[in-house]
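Sequence lines set the chain letters: A, B, ... in the order given, protein chains first and strands last, and positions in each chain run from 1. Worth knowing before you read on, the calculation uses all heavy atoms, side chains too, and leaves out hydrogens, waters and symmetry mates.
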Protein chains: 4
Amino acid sequence: MARPKDDDKRNAIMAAATRVIVTRGLSAPTAMIAQEAGVANGSLFTYFETKADLFNQLYLELKAGMASAALEGLPARAELREQLSHVWSKWMVWAVSHPEKRRALAQLAVSDEITPVSRAAAHKTMAGIGELLERIRANGPLRNAPMGFVVAIMNALADATMDFMVQDPTNADRHCRVGFDALWRVLS
Amino acid sequence: MARPKDDDKRNAIMAAATRVIVTRGLSAPTAMIAQEAGVANGSLFTYFETKADLFNQLYLELKAGMASAALEGLPARAELREQLSHVWSKWMVWAVSHPEKRRALAQLAVSDEITPVSRAAAHKTMAGIGELLERIRANGPLRNAPMGFVVAIMNALADATMDFMVQDPTNADRHCRVGFDALWRVLS
Amino acid sequence: MARPKDDDKRNAIMAAATRVIVTRGLSAPTAMIAQEAGVANGSLFTYFETKADLFNQLYLELKAGMASAALEGLPARAELREQLSHVWSKWMVWAVSHPEKRRALAQLAVSDEITPVSRAAAHKTMAGIGELLERIRANGPLRNAPMGFVVAIMNALADATMDFMVQDPTNADRHCRVGFDALWRVLS
Amino acid sequence: MARPKDDDKRNAIMAAATRVIVTRGLSAPTAMIAQEAGVANGSLFTYFETKADLFNQLYLELKAGMASAALEGLPARAELREQLSHVWSKWMVWAVSHPEKRRALAQLAVSDEITPVSRAAAHKTMAGIGELLERIRANGPLRNAPMGFVVAIMNALADATMDFMVQDPTNADRHCRVGFDALWRVLS
DNA sequence: CATGAATGAGCGTTCATTCAT
DNA sequence: GATGAATGAACGCTCATTCAT
């Protein structure tokens with residue numbers, strides 16, 4: 001049963017889990033997720049072997065969605081700064097448009113139910129951004145730092161920026177720019 | 001007072017909680033914390049009214065410990081860069097020397113059992129660093145950003161740096177310096 | 001609906017609760033009730049939301065059972081004395097035949113978990129007896145007393161009588177008659 | 001240590017227990033009773049071996065107090081009806097003046113922690129009333145009923161009457177009289 | 001003798017998972 | 001495959017009782 005037929009139901013569960021995690025944290029009962037998804041209690045377990053399995057898949061899917069949003073429409077021929085700026089903007093827009101997904105993701109990222117395998121897979125999902133970053137830092141002050149460190153710094157700055165954009169939406173655009181400028185100063 | 005409340009025991013519970021949170025997350029059973037502390041099940045509740053109370057106090061204590069480690073021996077007359085560098089080093093040393101505390105803190109920070117009051121108190125604990133930061137950014141590119149944003153960026157960079165220092169201890173010193181340089185570029 | 005909620009099981013839990021309350025009072029552990037009912041620990045809570053809920057429902061059911069036993073086969077055209085005598089006899093027979101139910105009921109009646117709503121509903125259950133009483137006392141010495149008082153007196157006499165019938169079963173019939181005669185003297 | 005020196009403390013605990021039982025039922029924690037009595041947690045157990053012991057002694061004391069209130073100033077030479085009426089009035093006055101004691105007593109009476117021995121001793125306390133009753137019923141319709149039954153009936157009527165006097169204090173006097181008349185009709 | 005911290009069994013309730021229907 | 005009742009281990013917390021101070 002490599003994947004049960006009804007993908008709609010699977011997606012409904014994923015979406016429900018996202019919502020419920022936001023309100024109830026990682027201890028959200030599977031029964032509540034199932035109910036929110038309009039599905040019976042036990043049906044959840046025909047789509048996901050365990051609760052941890054659901055969480056891992058959700059984590060991966062959210063990360064992938066985020067990455068693909070960030071990379072959408074990347075102007076591959078533009079200058080590097082321009083490209084990164086584009087990614088940054090898309091990324092921030094995603095965060096602001098999907099606050100629930102971001103919050104669920106934050107919770108999941110910190111969970112110890114998420115396996116190293118899932119984390120690695122999620123990481124891969126951002127490979128596109130990684131490559132761009134690689135080219136940018138090549139001549140900058142971080143040229144000798146491990147790539148993972150550079151990515152971590154970018155993620156950290158992105159997270160801080162998102163928090164402020166969500167927290168103070170009136171000045172979201174400014175915060176977005178300030179965040180990007182800070183990142184650029186770090187990298188080049 | 002017969003058999004006064006024993007500070008050693010309180011500390012043992014705090015330390016045990018730190019350890020158990022690392023291995024079991026926020027769902028760390030109180031019974032396990034008590035056992036780890038060498039104390040009876042119910043004794044935990046003579047020192048802390050509820051599990052949430054324990055977690056809030058632990059959160060505050062860990063944050064305060066971290067802040068005071070960072071600020072210890074601050075060369076108040078040195079140049080600002082020198083001062084921040086000192087804080088940064090001490091901070092990183094604390095993180096590397098107390099990986100369990102840092103991990104527990106990360107979990108606690110994300111818990112919704114931690115009250116706004118505790119968060120505010122914990123924040124105050126870092127006031128010294130905040131002031132330093134304030135003076136540093138006054139003439140830099142972030143002079144118009146909200147202070148909270150600046151702090152968030154610093155925390156984000158610090159966390160990323162710590163992760164790499166812990167992950168790759170051989171080059172800890174280098175990572176520490178790279179992180180600091182990045183921070184400095186962001187601020188000035 | 002897969003495996004519909006089983007009325008037998010519900011009844012088994014009710015009966016078990018009755019028995020356990022007799023031996024352990026209102027602090028009867030739910031786990032013991034479940035075991036006595038031959039049901040898992042947690043299953044009790046698929047039939048009753050809380051222990052208090054179980055107790056309220058049990059209270060109501062026992063009272064209703066008692067009332068319907070008392071009113072069964074009421075000779076509605078007979079003289080009032082005859083009717084009351086009939087109710088009294090049936091009532092006493094119920095008490096003697098179901099000593100556990102009576103004891104559980106006594107405990108429940110005194111519990112502060114039983115809500116006013118349940119008490120009111122239980123009261124309604126005895127409305128038939130109330131009406132009869134109403135007609136009887138209309139021309140008697142209690143014609144000006146509040147109806148509630150009259151009912152309370154009847155209940156009090158009934159309880160005393162039941163106690164003696166149970167305590168001294170050999171003379172149960174005589175006690176039953178003595179009790180009734182006392183009641184009749186009070187009322188008319 | 002047939003009786004610890006400090007009778008005041010013992011009495012304070014008894015009084016506290018009375019109050020706490022009213023508000024919290026028989027599951028009132030001993031710690032709460034101790035606190036209410038202004039006494040340490042563990043001190044309670046130097047005055048009473050166990051919680052059950054406290055409850056038994058309290059039960060006995062309350063019953064004795066009630067009985068002695070009822071018998072106080074008994075006009076031993078008056079007519080029997082007059083004597084009973086006097087007892088009845090005093091009894092009702094006691095109930096109305098000490099609602100907490102009465103309520104605690106009601107709870108205790110139903111508890112299965114109260115031993116048969118305590119119940120017997122409490123019963124003896126009412127011997128004075130019993131003798132009066134004995135003489136009254138000697139020529140009445142209950143002349144052949146067991147004495148215990150007669151006492152039970154009286155208690156039952158008394159309880160019902162008290163409930164109404166407390167519930168509807170405006171007409172307390174009338175309810176008192178109605179109750180007595182009912183009793184008299186039962187007895188003679 | 002007073003105190004109150006220490007103890008640990010016990011309780012009501014929850015919940016991931018299984019399985020009869 | 002879908003359903004939801006059944007299961008029982010686990011949890012946070014309480015409390016009568018003990019005992020070090």
Side-chain angles (χ1 to χ4, degrees), chain A residues 1 4-6 9 27-35 38-55 113, chain B residues 1-6 9-10 24 27-35 38-55 113, chain C residues 1-6 9-10 24 27-35 38-55 113, chain D residues 1 4-6 9 27-35 38-55 113:
Chain A
M1 80 177 95
K5 278 190 226 134
D6 196 341
K9 221 161 260 185
S27 59
T30 54
M32 186 179 289
I33 294 171
Q35 191 186 39
V39 151
N41 205 330
S43 294
L44 191 149
F45 293 91
T46 67
Y47 291 89
F48 303 94
E49 279 189 24
T50 64
K51 188 186 183 182
D53 182 33
L54 163 61
F55 279 11
E113 308 256 43
Chain B
M1 197 196 315
R3 214 182 328 188
K5 252 183 238 180
D6 185 346
K9 216 162 272 183
R10 202 192 99 102
R24 301 272 309 234
S27 58
T30 53
M32 188 178 287
I33 294 171
Q35 190 186 39
V39 148
N41 211 318
S43 293
L44 190 150
F45 294 94
T46 67
Y47 288 88
F48 304 94
E49 283 193 14
T50 61
K51 186 187 181 184
D53 183 34
L54 164 60
F55 278 14
E113 306 260 42
Chain C
M1 198 197 313
R3 215 182 328 186
K5 251 183 236 179
D6 186 345
K9 216 161 272 184
R10 202 192 100 101
R24 302 271 310 233
S27 58
T30 53
M32 189 178 288
I33 294 171
Q35 190 186 40
V39 149
N41 212 318
S43 293
L44 190 151
F45 294 93
T46 67
Y47 289 89
F48 304 94
E49 282 192 14
T50 60
K51 185 186 181 184
D53 183 34
L54 163 60
F55 277 14
E113 305 261 42
Chain D
M1 81 177 95
K5 277 188 229 137
D6 196 341
K9 222 162 260 186
S27 59
T30 54
M32 186 178 288
I33 294 171
Q35 191 187 39
V39 151
N41 204 331
S43 294
L44 191 150
F45 292 91
T46 67
Y47 291 89
F48 304 94
E49 280 190 22
T50 63
K51 188 186 183 182
D53 182 33
L54 163 60
F55 278 11
E113 308 255 43

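Atom CZ in C:Phe45 sits roughly 14 Å away from atom C1' in F:dA10 (whole-Å rounding). For the pair D:Ile33 CD1 and F:dT17 C1', the interatomic distance rounds to 14 Å; values are reported in whole Å. As rounded to whole Å, 14 Å separates atom C1' of E:dT17 from atom CD of A:Glu113. C:Met32 places its CE atom 10 Å from the P atom of E:dG10, with the value rounded to the nearest Å. Following rounding to the nearest Å, D:Leu44 (CG) and F:dT17 (P) show an atom-to-atom distance of 9 Å. In this structure, CD of C:Gln35 is placed 13 Å from P of F:dT7, rounded to the nearest angstrom. Distance CZ (B:Phe48) to C1' (E:dA5): 14 Å, rounded to an integer number of Å. For the pair B:Phe55 CZ and F:dC13 P, the computed distance is 10 Å after rounding to whole Å.
Contact annotation: C:Thr30 reaches the phosphate of E:dG12 (side-chain N/O to OP1 or OP2, under 4.0 Å). Within the structure, every side-chain polar atom (N or O) of D:Lys9 is placed at least 4.0 Å from both OP1 and OP2 of E:dC1. Between C:Lys51 and E:dT13 there is no side-chain N or O to OP1 or OP2 distance below 4.0 Å. For C:Tyr47 and F:dA5, the shortest distance from a side-chain N or O to OP1 or OP2 is not below 4.0 Å. Put simply, C:Arg10 has no side-chain N or O that comes within less than 4.0 Å of OP1 or OP2 on F:dA5.
Where D:Ser27 and A:Ala40 meet DNA chain F, the nucleotide closest to each residue was compared, and A:Ala40 sits on the side nearer the 5' end. Nearest-nucleotide mapping onto DNA chain E: of D:Ser43 and A:Ala28, the residue sitting toward the 5' end is D:Ser43. The residue among B:Val39 and C:Pro29 whose nearest nucleotide of DNA chain E lies closer to the 5′ end is B:Val39.
Taking the side chain of B:Thr46 as heavy atoms from C-beta on, and the options F:dA6, E:dT17, E:dT7, the nearest nucleotide is E:dT7. Across E:dG12, F:dG12, F:dG4, the shortest atom-to-atom separation from the side chain of A:Asn41 is found for F:dG4.
In a base pair of the Watson-Crick type (N1 to N3 plus N6-O4 or O6-N4) or a G-U wobble (N1-O2 and O6-N3), with each distance short of 3.5 Å, F:dA10 is matched with E:dT13. Using the Watson-Crick or G-U wobble rule with both distances under 3.5 Å, E:dA20 pairs with F:dT3.
Taking OG of C:Ser27 as the reference point, atom CE of C:Met32 lies at 9.0 Å (rounded to 0.5 Å). Considering CD of B:Glu113 and CG of B:Leu54, their distance stands at 10.5 Å, rounded to 0.5 Å. In this structure, B:Ile33 CD1 and B:Arg24 CZ are separated by 10.0 Å, a value rounded to the nearest 0.5 Å.
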Go through it in stages, so that I can follow the logic: the residues are D:Thr50 and D:Phe55, the test is side chain to side chain contact (heavy atoms under 4.5 Å, CB included), and I'd like the CA-CA distance, side-chain angles, deciding distance and then a yes or no. CA-CA 9 Å; D:Thr50 63; D:Phe55 278 11; over 6 Å; no
In sequence, state the C-alpha distance, the side-chain angles, and the governing distance for B:Phe45 and B:Thr30, and then conclude on side chain to side chain contact (heavy atoms under 4.5 Å, CB included). CA-CA 9 Å; B:Phe45 294 94; B:Thr30 53; 4.1 Å; yes
